A.B. asks: 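Okay, handing you the structure first.
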Amino acid sequence: MELNELEQQRFEKMSRLQEAGHSPYPHRSHRSHTVQAALADFEAAEKTATEAPVVTVAGRIISIRVMGKVAFAHIEDGSGKLQLFLRQNELGEEALALFKKVFDLGDFAEAHGVLMRTRTGEISLQAHTVTMLAKAITPLPIPKEYEGHDGQLTRYSAFSDVEERFRQRYADLAVNAEVREIFRTRSRMISALRTWLDEHEYLEVETPVLQPIYGGAAARPFTTYHNQLKQQLYLRISFELYLKRLLVGMYERVYEIGRDFRNEGVSYKHNPEFTQLELYCAYTDLQGMMETTEQMIAYTAQHVLGTYEIPFKGQLINLTPPWRRIKLRDIILTGTGIDYTTFPDAESLRTVMRQRGYDAASTASWGHLVDNLLSEVEPSLIQPTFVYDYPIEISPLAKQKSDDPTHVERFELFIGGMETGNAFTELNDPFEQEKRFVNMGTEQADEDDESHPMDEDYLRAMKYGMPPNGGFGMGIDRLAMLLTDKHSIREVLLYPHLRAKE
RNA sequence: GGGUCGUUAGCUCAGCCCGGUAGAGCAGGGGCCUUUUAAGCCCAGGGCCACAGGUUCGAAUCCUGUACGACCCA
């Protein structure tokens, strides 16, 4: 192991510790209190004027101030931080000297002693013993913090290099408490979604990640190979087709929270693998899905943040149901002045788009162009909005409107200027579904990128009879962005994908 | 894929325009200091200036390319 100068120094301190008869990596801690519990116990004792508690706390040393025969340090655990007051009178000369010589910022240590208040009023542990729990060899970039009179926390040279934070997420988490909080919020969010779904009789299921035929969305897959089966497999791009098969199998409400993989570009709202929630509910339709969606998300916000009003990018998003509902045609017409329904083919739509100054690739299909127009208005959809009635061309798994066969019962959900969800009255007519697959197939021949292959087994399932149902899918990462006011998907992924270095 | 910007000490940054061989604060090392909290004071360290070429007597600095990243556009 190659050590730089600073690491070499710490390595030598480790040896000194061993020479003094202590292990730098002992087997166990004897913690009696978390920091939070210690603070609570002390305050309780103060109130009742009983003896100050004797505790053992453990954690990472995040500050040290040595002043001769006394030293102060802060120790941080998962619950908070506590000042240690290390006095020669209490510790003994040898122990204090050892602390000063071999303990560094970043080390895990444990301290045993009695709680007290210092002259400035800070609750502190007057340490009788200090023990190393795990020596840190590489110095953590622990910032200095300063709390102003107004309680405002100022931080000096915090570890902020975006690339290094993501490449060494452990260091990022170790020194940036607010980053730890993001993933707590994310976890509470997923837990709240599960609670809501469980309470509404949804059954959580798991379907294959490795699929012989990918489907359910328009995206390029990752490809892999099973050696023994001698079979090409794909990492799933959605769960849709497997979940809907379960409705054929007589489950009425199912959901899955899991990872999808799309072999496409990386951006502030795209990562090659991302977490998706999909749910399907028999005997309901698009209208029911709208209600389900707004109830579920509003519940989640309430449970995670305690409010329906969430700050995002300097604006306040109000998630109180019911949410705005607007037709795709109308939102595009208002935003761009183009009524796509009057330009029913790619050629005429492309022409009018170019006239109005919008980009319209010559290779793009009509559906693709409509999608481009929607992208133009997407950033303005800050408050939660269901955009509904989509052209059939870009919705091969949704059921047609009974009064307009050119459009399907589908909505996309926009919040904070991002597409966060997608739902249909699901197509359950096997003959119509087969036609759609075939049509998609011929379109791919033209476009060649986002293929949507025929899934014979899915059609077979549907031929057994699939109840009418509504389905909804949502990007969990995007919802996490909204609830944490983070503007890049990487901030809400513990290990976002980065290009390999060297 | 295109454009713009960035990469200098463990961390956060200055230096680059206008070329002369590397700076600060924090962290670390050696001292002083028994209630500090960005503790303070004294002393001495620490760098393949992302990488590879080019221009030049001389390059962190100017030019070209590569890698990685950020932002914008497609």
Side-chain angles (χ1 to χ4, degrees), chain A residues 2-13 16 61-76 81-93 95-97 99-107 116-127 136-149 151-168 171-172 174-176 264-270 353-354 357-364 368-369 371-372 375-376 379 449 487-491 496-502:
Chain A
E2 231 175 89
L3 302 180
N4 68 26
E5 188 195 332
L6 295 173
E7 292 169 332
Q8 189 60 42
Q9 281 170 354
R10 286 175 173 227
F11 183 78
E12 281 155 20
K13 289 175 176 189
R16 259 189 264 183
I61 297 173
I62 56 164
S63 74
I64 299 177
R65 294 173 294 284
V66 174
M67 20 203 346
K69 297 189 173 61
V70 67
F72 291 91
H74 274 96
I75 194 167
E76 180 178 27
K81 47 190 158 184
L82 177 68
Q83 180 167 256
L84 304 182
F85 180 32
L86 309 158
R87 211 152 66 123
Q88 188 171 295
N89 295 9
E90 252 63 46
L91 270 175
E93 196 175 336
L96 183 65
F99 176 81
K100 291 199 283 188
K101 282 281 177 227
V102 309
F103 283 65
D104 283 299
L105 296 185
D107 291 350
M116 43 97 64
R117 265 187 208 274
T118 61
R119 198 177 280 168
T120 54
E122 180 167 350
I123 300 173
S124 306
L125 178 67
Q126 184 157 333
I137 296 300
T138 304
L140 268 177
I142 298 173
K144 286 211 166 187
E145 289 177 346
Y146 168 79
E147 201 172 326
H149 304 294
Q152 192 82 41
L153 199 69
T154 313
R155 197 178 266 186
Y156 297 86
S157 31
F159 183 44
S160 59
D161 183 285
V162 179
E163 185 177 352
E164 287 311 316
R165 281 182 48 227
F166 295 155
R167 287 194 195 277
Q168 302 187 53
D172 183 30
V175 301
N176 293 321
E264 298 183 341
V266 170
S267 83
Y268 75 94
K269 52 182 181 179
H270 296 94
M353 282 173 69
R354 287 180 175 169
Y358 297 112
D359 286 313
S362 310
T363 53
H368 214 105
L369 292 173
D371 225 35
N372 289 163
S375 305
E376 296 291 334
D449 56 348
H487 311 144
S488 164
I489 195 170
R490 295 176 167 196
E491 291 290 348
H497 181 78
L498 295 177
R499 213 182 292 262
K501 259 186 161 173
E502 291 161 313

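Just so it is clear, the model here is predicted, and its values are computed rather than measured. In what follows, every chain begins at residue 1, and chains take the letters A, B, ... in the order their sequences are listed.
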A.B. asks: Checking base pairs now: Watson-Crick or wobble, both atom distances under 3.5 Å. What partners B/G53?
C.D. replies: B/C63
A.B. asks: Drop me the distance from A/Thr363's OG1 to A/His368's NE2, to the nearest 0.5 angstrom.
C.D. replies: 7.5 Å
A.B. asks: Categorize A/Arg167 for me: base, sugar-phosphate, or nothing, with a 4.0 angstrom heavy-atom threshold over every strand shown.
C.D. replies: sugar-phosphate
A.B. asks: Taking atom P in both B/C68 and B/A27, compute the distance separating them and give it to the nearest angstrom.
C.D. replies: 35 Å
A.B. asks: Of A/Gly68 and A/Glu163, whose closest RNA chain B nucleotide lies nearer the 5' terminus?
C.D. replies: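 Result: A/Gly68.
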A.B. asks: Can you tell me if the side-chain N/O atoms of A/Arg499 get under 4.0 Å from OP1 or OP2 in B/G69?
C.D. replies: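 It does, given that an N or O in the side chain of A/Arg499 lies less than 4.0 Å from OP1 or OP2 of B/G69.
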A.B. asks: Could you tell me the Watson-Crick or G-U partner of B/A24, where both distances fall under 3.5 Å? Say none if there is no partner.
C.D. replies: B/U12
A.B. asks: Any luck finding a side-chain donor-acceptor pair between A/Glu122 and A/His74 under 3.5 Å?
C.D. replies: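 Yes, side-chain donor-acceptor contact under 3.5 Å.
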A.B. asks: Do the side-chain N or O atoms of A/Lys101 get closer than 4.0 angstrom to the phosphate oxygens (OP1, OP2) of B/G31?
C.D. replies: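 Indeed, a polar side-chain atom of A/Lys101 lies that close.
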A.B. asks: Can you work out whether A/Tyr146 or A/Ser160 has the more 5'-proximal nearest nucleotide on RNA chain B?
C.D. replies: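 First, find each residue's nearest nucleotide; the 5'-ward one identifies A/Ser160.
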A.B. asks: With respect to the side chain of A/Asn4, which nucleotide from B/A27, B/G10, B/U12 is positioned closest?
C.D. replies: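 Nearest to the side-chain atoms of A/Asn4, counting from C-beta on, is B/G10.
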A.B. asks: For B/U35, take OP1 and OP2 only and decide whether either is under 4.0 Å from a side-chain N or O of A/Lys69.
C.D. replies: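 No, outside the criterion.
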A.B. asks: Using atom CD of A/Glu147 as one end and atom C1' of B/U36 as the other, report the distance to the nearest whole Å.
C.D. replies: 15 Å
A.B. asks: Rounding to the closest angstrom, what is the interatomic distance between B/A39 and B/C33 at atom C1'?
C.D. replies: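 Their C1' atoms lie roughly 11 Å apart.
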A.B. asks: Given the C1' atoms of B/G29 and B/A44, what is the spacing between them in whole Å?
C.D. replies: 8 Å
A.B. asks: To check you understand the geometry: which heavy-atom pair defines the closest contact between A/Phe103 and A/Ile64, and what is its length?
C.D. replies: O-CD1, 3.7 Å
A.B. asks: Can you check the distance between B/G45 and B/U7, where both ends of the measurement are the C1' atom (answer in whole Å)?
C.D. replies: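 One C1' to the other, the span is 26 Å.
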A.B. asks: Any donor-acceptor pair under 3.5 Å joining the side chain of A/Arg65 to the base of B/U36?
C.D. replies: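 Per atom types, the contact qualifies.
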A.B. asks: Restricting to non-hydrogen atoms, name the atom on A/Ala127 and the atom on A/Glu90 that form the minimum distance, rounded to 0.1 Å.
C.D. replies: O-CB, 3.5 Å
A.B. asks: Of the options B/G69, B/G45, B/G25, whose atoms approach the side-chain atoms of A/Glu5 most closely?
C.D. replies: B/G45
A.B. asks: Once you round it to whole Å, what is the distance between C1' of B/A27 and CG of A/Asp104?
C.D. replies: 10 Å
A.B. asks: Do A/Glu122 side-chain and B/U36 base share a donor-acceptor contact under 3.5 Å?
C.D. replies: no
A.B. asks: With centres under 5.5 Å and planes under 30° as the test, does A/Tyr156 stack with B/A38?
C.D. replies: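 Stack criterion met.
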A.B. asks: When rounded to the nearest Å, what value does the distance between P atoms of B/U8 and B/G1 take?
C.D. replies: 25 Å
A.B. asks: Of the candidate nucleotides B/G46, B/U36, B/G69, which contains the atom at the shortest distance from the side chain of A/Arg490?
C.D. replies: B/G69
A.B. asks: Starting at atom CD of A/Glu93, determine the distance to atom C1' of B/U34, rounded to an integer number of angstrom.
C.D. replies: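 These atoms are roughly 12 Å apart.
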A.B. asks: Roughly how many Å apart are B/U12 and B/G6, using the C1' atom of each and rounding to a whole number?
C.D. replies: 15 Å
A.B. asks: For the pair made of CD in A/Glu164 and C1' in B/U12, what is the distance, rounded to whole Å?
C.D. replies: 14 Å
A.B. asks: Can you give me the closest heavy-atom contact between A/Leu369 and A/Ala360, atom names plus distance?
C.D. replies: CD2-CB, 3.7 Å
A.B. asks: Atom CD1 of A/Ile62 and atom CG of A/Leu82: how far apart are they, to the nearest 0.5 Å?
C.D. replies: 10.0 Å
A.B. asks: Base, sugar-phosphate, or nothing: which does A/Phe166 touch, judged by heavy atoms less than 4.0 Å apart?
C.D. replies: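 If one applies the 4.0 Å heavy-atom cut-off, A/Phe166 turns out to touch nothing in the nucleic acid.
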A.B. asks: Among the nucleotides B/U36, B/A27, B/G46, which one has an atom lying closest to any side-chain atom of A/Leu105?
C.D. replies: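 Among B/U36, B/A27, B/G46, the one nearest the side chain of A/Leu105 is B/A27.
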A.B. asks: Please name the nucleotide paired to B/G1 by Watson-Crick or G-U wobble geometry with both distances under 3.5 Å, or report none.
C.D. replies: B/C73
A.B. asks: Would you mind classifying the nucleic acid contact of A/Asn89 as base, sugar-phosphate or nothing, using non-hydrogen atoms under 4.0 angstrom?
C.D. replies: base
A.B. asks: Just call it for A/Ala158: base, sugar-phosphate, or nothing, with non-hydrogen atoms closer than 4.0 Å on any strand.
C.D. replies: sugar-phosphate
A.B. asks: Of all heavy-atom pairs between A/Leu140 and A/Ala174, which one has the smallest distance, and what is that distance?
C.D. replies: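 Smallest interatomic distance, heavy atoms only, reads CD1-CB, 3.9 Å.
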A.B. asks: Starting from P on B/C13, measure out to CZ on A/Arg155 and report it in whole angstrom.
C.D. replies: 14 Å
A.B. asks: Could you please name the option among B/C11, B/U35, B/G10 that lies closest to any side-chain atom of A/Leu6?
C.D. replies: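 For A/Leu6, the side-chain atoms sit closest to B/G10.
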A.B. asks: Donor-acceptor pair under 3.5 Å: do we get one between A/Glu145's side chain and the base of B/U37?
C.D. replies: no
A.B. asks: Does A/Lys144 make a side-chain N or O approach to OP1 or OP2 of B/U37 shorter than 4.0 Å?
C.D. replies: no
A.B. asks: So if I take every side-chain heavy atom of A/Thr120 and compare against B/A70, B/A74, B/U37, which nucleotide ends up nearest?
C.D. replies: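 Nearest to the side-chain atoms of A/Thr120, counting from C-beta on, is B/U37.
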A.B. asks: In whole angstrom, give the distance that lies between atom CD of A/Gln168 and atom C1' of B/C68.
C.D. replies: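 Roughly 14 Å, once rounded to whole Å.
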A.B. asks: B/U34 pairs with which nucleotide, Watson-Crick or G-U wobble, both distances below 3.5 Å?
C.D. replies: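 Its partner: none found.
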A.B. asks: Looking only at N and O atoms, is any donor in the side chain of A/Thr118 or the base of B/U36 less than 3.5 Å from an acceptor on the other one?
C.D. replies: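 Per atom types, the contact qualifies.
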A.B. asks: Round to a whole Å and report the spacing from CD1 of A/Ile142 to P of B/C11.
C.D. replies: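 About 14 Å, once rounded to whole Å.
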A.B. asks: Please tell me if A/Lys13 has a side-chain N or O lying less than 4.0 Å from either OP1 or OP2 of B/G29.
C.D. replies: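 Affirmative; the distance criterion is met.
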A.B. asks: Which part of the nucleic acid does A/Val175 contact within heavy-atom distance under 4.0 Å: base, sugar-phosphate only, or nothing?
C.D. replies: nothing
A.B. asks: Using purine N1 to pyrimidine N3 plus N6-O4 or O6-N4 for Watson-Crick, or N1-O2 and O6-N3 for G-U wobble, both under 3.5 Å, which nucleotide pairs with B/A44?
C.D. replies: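 Per the H-bond distance test, none.
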A.B. asks: What interatomic distance, in whole Å, is found between P of B/G58 and the corresponding atom of B/G20?
C.D. replies: 14 Å
A.B. asks: Using a heavy-atom cut-off of under 4.0 Å over every strand shown, decide if A/Gln83 touches base, sugar-phosphate, or nothing.
C.D. replies: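 Base: the residue A/Gln83, judged by heavy atoms under 4.0 Å, touches a nucleobase.
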A.B. asks: Between A/Arg165 and A/Glu491, which heavy-atom pair has the shortest distance, and what is it?
C.D. replies: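 Minimum heavy-atom separation between A/Arg165 and A/Glu491: NH2-OE1, 2.9 Å.
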A.B. asks: Would you kindly give the CZ-to-P distance between A/Phe72 and B/G40, to the nearest whole Å?
C.D. replies: 14 Å
A.B. asks: Using 0.5 Å steps for rounding, measure from the NZ atom of A/Lys144 to the OG atom of A/Ser63.
C.D. replies: 8.5 Å
A.B. asks: For atom C1', what is the distance between B/U55 and B/C62, given to the nearest Å?
C.D. replies: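 Pairwise C1' distance, B/U55 against B/C62, rounds to 8 Å.
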A.B. asks: Return the pairing partner of B/C68 with a 3.5 Å limit on both distances, Watson-Crick or G-U wobble; otherwise return none.
C.D. replies: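 B/C68 is paired, partner B/G6.
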